[in-house]
Amino acid sequence: MTDSPAYELAQVNVGRLQAPLDSAQLKDFTEGLEPVNAVADQSDGFVWRLQDESGDATGFRILGDPELLINLSVWRDIDALTAFMYSGRHRELLKRRREFFHRLEEAVTALWWVPAGHRPTIEEAGERLVRLREQGPTAYAFSLRTTFPPPTH
């Protein structure tokens with residue numbers, strides 16, 4: 001029997017759309033959401049993701065910006081998240097992100113550790129992303145390039 005982890009990894013990423021969600025330009029992106037989400041849901045180490053009745057998070061916005069899409073999820077650890085991110089259909093869409101989203105100068109992804117079982121809110125995710133943008137990577141909010149281990153207490 002293995003011990004349950006005390007902490008899980010929360011991640012938020014945002015993107016400013018190049019065009020309306022129902023546009024021809026975003027057709028490959030919107031048609032890819034359901035299969036990518038299905039793979040995420042079945043991935044080793046996946047815990048939870050923000051979604052509405054439609055099964056995705058395209059109806060949510062963050063930081064009071066009507067053009068900023070949000071993806072918010074919780075994973076067992078960094079290895080589980082990156083294994084999903086850089087494989088299969090998600091990897092294919094990730095390579096094409098400039099077709100769908102504007103390039104943003106500030107950080108678009110923030111990671112942080114949450115107590116196991118905690119489900120972060122959009123407001124919490126926005127606060128972590130803003131802190132990362134303002135202060136750079138810290139244990140409070142970090143990036144995939146500069147990570148921090150889970151708390152030990």
Side-chain angles (χ1 to χ4, degrees), residues 7-43 45-78 80-148:
Y7 289 90
E8 297 166 328
L9 183 73
Q11 78 79 35
V12 62
N13 65 75
V14 299
R16 185 174 311 286
L17 293 171
Q18 291 266 10
L21 270 172
D22 60 356
S23 68
Q25 180 178 346
L26 294 184
K27 185 175 189 247
D28 288 351
F29 171 75
T30 56
E31 288 181 353
L33 283 173
E34 187 175 333
V36 166
N37 286 336
V39 170
D41 292 348
Q42 299 303 312
S43 292
F46 171 81
V47 177
W48 171 87
R49 68 182 167 86
L50 177 69
Q51 60 182 305
D52 63 18
E53 308 78 41
S54 71
D56 65 43
T58 58
F60 297 105
R61 295 297 178 270
I62 188 169
L63 301 174
D65 187 329
E67 295 179 2
L68 210 54
L69 285 188
I70 177 177
N71 175 290
L72 178 60
S73 60
V74 176
W75 295 80
R76 177 185 60 225
D77 54 32
I78 292 169
L81 172 62
T82 57
F84 163 72
M85 284 178 55
Y86 299 118
S87 65
R89 187 88 184 256
H90 186 270
R91 181 181 178 175
E92 293 169 22
L93 287 175
L94 190 60
K95 286 181 181 179
R96 297 180 59 197
R97 68 187 174 275
R98 296 292 170 247
E99 295 175 39
F100 312 129
F101 297 97
H102 290 285
R103 182 177 188 90
L104 299 177
E105 294 302 316
E106 63 268 12
V108 296
T109 302
L111 309 172
W112 68 102
W113 295 101
V114 296
H118 175 72
R119 302 299 172 248
T121 64
I122 294 171
E123 294 75 20
E124 179 183 346
E127 179 183 309
R128 301 286 178 150
L129 185 59
V130 167
R131 177 81 64 91
L132 176 62
R133 288 173 174 180
E134 291 174 347
Q135 297 181 4
T138 65
Y140 186 80
F142 50 93
S143 66
L144 284 168
R145 285 195 177 136
T146 306
T147 63
F148 287 80

Please confirm whether the backbone N or O of [Y] pairs with a side-chain atom of [X], one donor and one acceptor, at under 3.5 Å?
X	Y	value
Arg61	Pro66	yes
Arg133	Ala107	yes
Arg76	Val47	no

[X] side chain near [Y] side chain, heavy-atom distance below 4.5 Å:
X	Y	result
His118	Glu124	yes
Leu111	Leu81	yes
Arg98	Arg103	yes
Thr30	Phe100	no
Leu68	Leu104	yes
Arg16	Asp65	yes

Return the [atom1] to [atom2] distance between [X] and [Y], rounded to the nearest 0.5 Å.
X	Y	atom1	atom2	value
Phe142	Gln11	CZ	CD	11.0 Å
Asn71	Thr109	CG	OG1	8.5 Å
Leu26	Glu31	CG	CD	11.0 Å
Thr138	Phe148	OG1	CZ	6.0 Å
Leu132	Glu106	CG	CD	10.5 Å
Asp56	Leu33	CG	CG	5.5 Å

On the 0 to 90° scale, with breaks at 30° and 60°, tag the Trp75-Phe84 ring pair as parallel, tilted or perpendicular.
-> parallel
Taking the inter-plane angle between the rings of Phe29 and Phe101 on a 0 to 90° scale, is it parallel (under 30°), tilted (30 to 60°) or perpendicular (over 60°)?
->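 Rings of Phe29 and Phe101: perpendicular, over 60°.
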Where is the tightest heavy-atom contact between [X] and [Y], given as atom of each residue plus distance?
X	Y	value
Leu129	Val108	CD1-C, 4.0 Å
Pro120	Val74	CD-CG2, 3.6 Å
Ala80	Asp77	N-OD1, 2.8 Å
Leu72	Ala125	CD1-CB, 3.8 Å

So does Glu34 have more than 12 non-hydrogen atoms from other groups sitting under 6.0 Å from CD?
->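 It does not: Glu34 CD has 12 such atoms or fewer within range.
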Determine whether more than 12 heavy atoms belonging to other residues, nucleotides or ligands lie under 6.0 Å from atom CD of Gln135.
-> yes
Determine, step by step, whether Arg49 and Asn37 satisfy the side chain to side chain contact (heavy atoms under 4.5 Å, CB included) criterion, reporting the C-alpha distance in whole Å, the side-chain angles of both residues, the deciding distance to 0.1 Å, and the verdict.
-> CA-CA 9 Å; Arg49 68 182 167 86; Asn37 286 336; 3.5 Å; yes
Begin with the C-alpha distance, continue with both residues' side-chain angles, and end with the deciding distance and a verdict on side chain to side chain contact (heavy atoms under 4.5 Å, CB included) for Tyr7 and Trp112.
-> CA-CA 10 Å; Tyr7 289 90; Trp112 68 102; over 6 Å; no
Hey, are Glu8 and Trp48 close enough side-chain-wise for a donor-acceptor pair under 3.5 Å?
->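 Distance-only check fails for Trp48 and Glu8.
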